[in-house]
S.K.: 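Questions regarding the structure given below will be posed in turn.
Naming: A, B, ... by sequence-line order, numbering from 1 per chain. This structure is a prediction, so every number in the text was calculated from the model and none was measured.
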There are 2 protein chains.
Amino acid sequence: MIDGSFPIGARMVSRDQGFEAHNPTTGETIEPRFSVSTTEDVAEACALAAKAFDTFRETSPEDRAAFLEEVASQIEALGDELVERAMAESGLPQARLTGERGRTCGQLRMFAAHLRRGDWMNVTFDTPLPDRQPLPRPDLRQRRIAVGPVAVFGASNFPLAFSVAGGDTASALAAGCPVVVKGHPAHPGTTELVARAIQKAVAAKGLPEGVFSLVQGPANELGAALVTDPRIKAVGFTGSRAGGLALVALAQARPEPIPVYAEMSSINPVVLMPAALAARGEALAKGYAGSMTLGAGQFCTNPGIVIGIAGDDLDAFARTAAEAVEAAQPQVMLTAAIQGAYDQGVDALEGKNGVTLLAKGAEGTGCTLGRAALFRTDAQTFLGDPEISQEVFGAASILIAAKDMDEVIALLERLEGQLTATIQLDDADVEAAEPLLPVLERKAGRILANGWPTGVEVSTAMVHGGPFPATSDPRTTSVGTAAIERFLRPVCYQDLPDGLLPKAVRSANPFDLPRTIDGSPEN
Amino acid sequence: MIDGSFPIGARMVSRDQGFEAHNPTTGETIEPRFSVSTTEDVAEACALAAKAFDTFRETSPEDRAAFLEEVASQIEALGDELVERAMAESGLPQARLTGERGRTCGQLRMFAAHLRRGDWMNVTFDTPLPDRQPLPRPDLRQRRIAVGPVAVFGASNFPLAFSVAGGDTASALAAGCPVVVKGHPAHPGTTELVARAIQKAVAAKGLPEGVFSLVQGPANELGAALVTDPRIKAVGFTGSRAGGLALVALAQARPEPIPVYAEMSSINPVVLMPAALAARGEALAKGYAGSMTLGAGQFCTNPGIVIGIAGDDLDAFARTAAEAVEAAQPQVMLTAAIQGAYDQGVDALEGKNGVTLLAKGAEGTGCTLGRAALFRTDAQTFLGDPEISQEVFGAASILIAAKDMDEVIALLERLEGQLTATIQLDDADVEAAEPLLPVLERKAGRILANGWPTGVEVSTAMVHGGPFPATSDPRTTSVGTAAIERFLRPVCYQDLPDGLLPKAVRSANPFDLPRTIDGSPEN
């Protein structure tokens, strides 16, 4: 079923130039050879997307919901082939990928339910006041409409949930935006399978073919062509800081600048409060080691630093964590490049004055293996060297000993923006933790107590976002229903005859949308 | 009461270097001499704002509402002095400025009411599911918090409603953001009066002094220092395209880039549909002349182009409009620089091949006078020369004759983003107007029928925004309650003990905020 072609609208396209997929577990090439899309393919995908836009964005919420559900069903219909291909291309285990497929389809269905609720469209009326003095008030009706065709970049670390039909695509399609995906070159077969599933769903629901296209290839030029195409109106990206910033720069330099939603870099600080550390340091240390080594540490929310107050309890915590890390088996990383960058990052930390290696994970034989690494330093060393606070993507983490809570706060104040921040605390810690909260609110999109940041719930209250450089736009989230807001903009209609109004804001309310009228919810 | 000083927090500051205010009606200097703020003043204002931030953003919605109402009362308490000073500095007539003061205070009170409704905070809970398989769902609570200190640039053309206590300041303060205003150098006395009013309101309500500061001066360096200060987290600006783009570039080049909400450039197309033109061309022509000459054309929403289908009806419309424009008295413009740029823009249009001058307004004697100017061209000429479509700020407008509706649509498709787009139509025009709507939705933030774009209602459904270059961020509005959203970002709290949670998301709901729980509004 995988033949190396890519869908541009309703067609599958093949090109002479090709690239290969690799199995990180074996180091071998996986068949078939994949076509490299051309910049002409990008232009055609964008032209089709622009042509589809006015029709697609005006489909009813119910019709778009049914389309998203069809995408989920088509992905499920791929069966074992999808999970097996993703395992081969990513080195991730079956249980993880089965779960990720469930999450991917669940998130499409979550947006379907969200579409049906309708509040996302923010329909708001000011009723006319013809007799108002000195001037009458007109009839004003606001709704939010899709921004236009959206470019989505697949991420390496979630070959399903943040890739072709992941959160960015699901939220953009939900908003009514046609999507052109640039597949991640680490999993082109997985990409092709999911892209075919979306293509089928578009056809099954009778939507314009331009609602979805895919381009594939290893070179950055393809992504650049996509972001600079004038028909693209927003970009979704999850990946490295350098990659995200490059896309932002391209988007800002366009004659018409556009927003880039890049989820980039986070070290996800965890603070160990004294009473919790004293009461349950061993369990915390084991939980920490489990969270930092989960999935070879290849999560945006991996806990990269843990901060505690120096003393016996922290030393005991360090010993237990070190033992757990030493016992951790090496895990296959996503690509040789990611594994190489990880090793480099670990080597750089090992070479830092004032940074001690506490433990390395077990050695192993095989390809593309990542060994966990746990370091320790003190707050002053950490603050004195900005390189230490750079994200090392993988199962590396640094335990930071602070003198006291004031130094903990000073350290947190100096951190860049984060996706998450965690406090481990017991009842006796609550008062001492209070001053942390305003700092963490300024620094992070999500604040956790007594958990680990690596699980990201897909729900209505989730925020997977945060101040720069965690993301390029802290006003949004890339996970959860609020992600749809990234791809909407408000339009106001003043005194339009009812017959000329879009259905969503007609008086009779044919889509049965919740409405706010003169400042209050309509009954 | 005006002494040329400026408030930095609770202090009034004077500096040696000074600049002067001018009366555009007389060309004379107006007393006193105004202190030029230093970059040290900018830094101090930003430091105070950052210090005030955590306290101010956590004031209750009721307390912030009462503060905004106090600001409105303090502005009203300035009495006649404010309107008289604004008249002297802007050349705008008394009735206009009295109305603008009412609008300014009304918009502060509108945000107070919006704060009390509470839905702007978007409090959203996912309740915990401890028994869910394979993993429990945590307790997730989302709210929106203020982004941080905001820089606001006063605009020349609304010395009250888009200046020191205008829409940007009102919405930022409502969100919980301290504000540092860079006053517009064209009306420094008006600026000082309003700034003192806000300073009094801050003191009267016992808020931290850093909630509001002002810097004044004619040089761009002051604004650059403000936008690049690391403590500033967002910028509000209304003014020229060049000015807005300069601020965007500065904000993007920061180590931590920040959003700039710049409302810049719009020519506000008006389409005359055939039946309306035939039935009431004379009234439309008079309405058009009235809208384009209102306030010397110094509105962001001034109708810069009117498009109709060539023929006798359009010729008659042109004759009536030309007569009305010829009879229009010259009006004092805001500054000599604006008047000079307007004359240059009119001269440039006069020199264009294929552009005909239909009428100029009456001549007059006096300073800084702007004479209205009405031009005519055809669609092909307009499309062939991008310079013709540049905004000429002032009472200049171009009537464009198209061959047919297809050419009207082609012309609209080629326009850049706009604040508004207007259709003049009768019942018989509705069907022919339908294809215009999707184009106008893509191009503009507000679409009007049978009105003129120059009135902007301050209300819940208004959108004063639109695609680039109308604004730098089409996802927002700078007028109406939704303007508050520019200065908020979401934060999610996961499993935090109730006592550590901010009041807004505590289970007991002490602020009585509307909440969405598991996807549905709480009863």
Side-chain angles (χ1 to χ4, degrees), chain A residues 54 99 113 117 124-126 134-135 137-138 140-142 145 147-148 252 256-257 259 417 427 430 433-434 437-438 441-442 444-451 455 457 459-463 465 467-468 472 474-475 477 482 488-497 499-500 502 516 518-519 521, chain B residues 54 99 113 117 124-126 134-135 137-138 140-142 145 147-148 252 256-257 259 417 427 430 433-434 437-438 441-442 444-451 455 457 459-463 465 467-468 472 474-475 477 482 488-497 499-500 502 516 518-519 521:
Chain A
D54 285 340
R117 281 196 293 270
T124 305
F125 290 6
D126 295 314
L135 287 171
R137 181 167 82 180
L140 295 166
R141 302 175 185 217
Q142 187 194 119
I145 71 169
V147 293
Q252 283 291 325
E256 180 194 9
D427 287 349
V430 170
E434 275 170 15
L437 199 70
E441 288 178 318
R442 279 188 268 110
R446 177 165 58 113
I447 300 167
L448 302 82
N450 296 328
E457 185 73 27
S459 66
T460 64
M462 177 50 60
V463 177
F468 185 91
S472 55
R475 294 162 294 178
T477 172
L488 296 167
R489 48 172 276 260
V491 174
C492 175
Y493 305 86
Q494 178 172 328
D495 286 336
L496 259 63
L500 191 59
T516 300
D518 297 331
Chain B
D54 284 341
R117 281 194 295 268
T124 304
F125 289 7
D126 295 314
L135 287 170
R137 182 168 80 179
L140 295 165
R141 302 176 184 215
Q142 186 194 120
I145 71 169
V147 293
Q252 284 292 325
E256 180 195 9
D427 287 349
V430 169
E434 276 170 15
L437 199 70
E441 288 178 318
R442 279 188 269 110
R446 177 164 59 112
I447 300 167
L448 302 82
N450 296 328
E457 185 72 26
S459 66
T460 64
M462 177 49 61
V463 177
F468 184 90
S472 55
R475 296 162 294 177
T477 172
L488 296 167
R489 48 173 275 261
V491 173
C492 175
Y493 305 85
Q494 178 172 327
D495 286 336
L496 259 64
L500 192 59
T516 300
D518 296 331

S.K.: Please look at A:Leu488 and chain B and tell me whether the side chain, the backbone, both or neither of the residue comes under 4.5 angstrom of a heavy atom of that chain.
M.R.: backbone
S.K.: Does the pair B:Val491 and B:Gln142 meet the rule for a side chain to side chain contact (heavy atoms under 4.5 Å, CB included), with working shown?
M.R.: CA-CA 6 Å; B:Val491 173; B:Gln142 186 194 120; over 6 Å; no
S.K.: What part of B:Pro502 lies closer than 4.5 angstrom to a heavy atom of chain A: side chain, backbone, both or neither?
M.R.: both
S.K.: Considering only heavy atoms, which portion of B:Gln252 lies under 4.5 Å from any heavy atom of chain A: side chain, backbone, both, or neither?
M.R.: side chain
S.K.: Going by the rule side-chain contact (heavy atoms from CB on, under 4.5 Å), which residues pair with A:Thr516 if we only count those two or more places apart in sequence or in a different chain?
M.R.: A:Thr124
S.K.: Pick whichever of A:Gly99, A:Gly499, A:Pro467, A:Ser472 has the most heavy-atom pairs under 4.5 Å with chain B.
M.R.: A:Pro467
S.K.: Does some side-chain heavy atom of B:Gln494 sit less than 4.5 Å from a side-chain heavy atom of A:Arg446?
M.R.: yes
S.K.: For B:Asp518, does the CG atom have more than 12 heavy-atom neighbours from other residues, nucleotides or ligands under 6.0 Å away?
M.R.: yes
S.K.: Is any side-chain heavy atom of A:Asp54 closer than 4.5 Å to one of B:Arg442?
M.R.: yes
S.K.: When heavy-atom pairs shorter than 4.5 Å are enumerated against chain A, which of B:Gly451, B:Ala433, B:Pro257 gives the highest number?
M.R.: B:Pro257
S.K.: Can you tell me which portion of A:Pro521 sits under 4.5 Å from chain B's heavy atoms? Options are side chain, backbone, both or neither.
M.R.: neither
S.K.: Checking A:Asn450 against chain B: side chain, backbone, both or neither under 4.5 Å from a heavy atom?
M.R.: neither
S.K.: Between A:Tyr493 and chain B, which part of the residue has a heavy atom less than 4.5 Å away: side chain, backbone, both or neither?
M.R.: both
S.K.: Would you mind checking which part of B:Arg117 comes under 4.5 Å of any heavy atom in chain A, side chain (CB onward), backbone (N, CA, C, O), both or neither?
M.R.: side chain
S.K.: Donor-acceptor pair, distance only, cut-off 3.5 Å: does the side chain of A:Asp126 make one with the backbone of B:Ala461?
M.R.: yes
S.K.: Go through B:Ala444, B:Ser459, B:Ala449 and name the one with the most non-hydrogen pairs under 4.5 angstrom from chain A.
M.R.: B:Ala449
S.K.: Select, from A:Gly148, A:Gly417, A:Gly445, A:Gly455, the one with the greatest count of heavy-atom pairs under 4.5 Å involving chain B.
M.R.: A:Gly445
S.K.: Side chain to side chain contact (heavy atoms under 4.5 Å, CB included) for A:Leu496 and B:Leu448? Distances and angles first, verdict last.
M.R.: CA-CA 6 Å; A:Leu496 259 63; B:Leu448 302 82; 5.5 Å; no
S.K.: With a 4.5 angstrom heavy-atom cut-off, could you sort out which part of A:Ala113 is near chain B: side chain, backbone, both or neither?
M.R.: neither
S.K.: For A:Pro259, which residues count as a side-chain contact (heavy atoms from CB on, under 4.5 Å) partner, sequence neighbours excluded?
M.R.: A:Ala234, A:Tyr261, B:Arg475
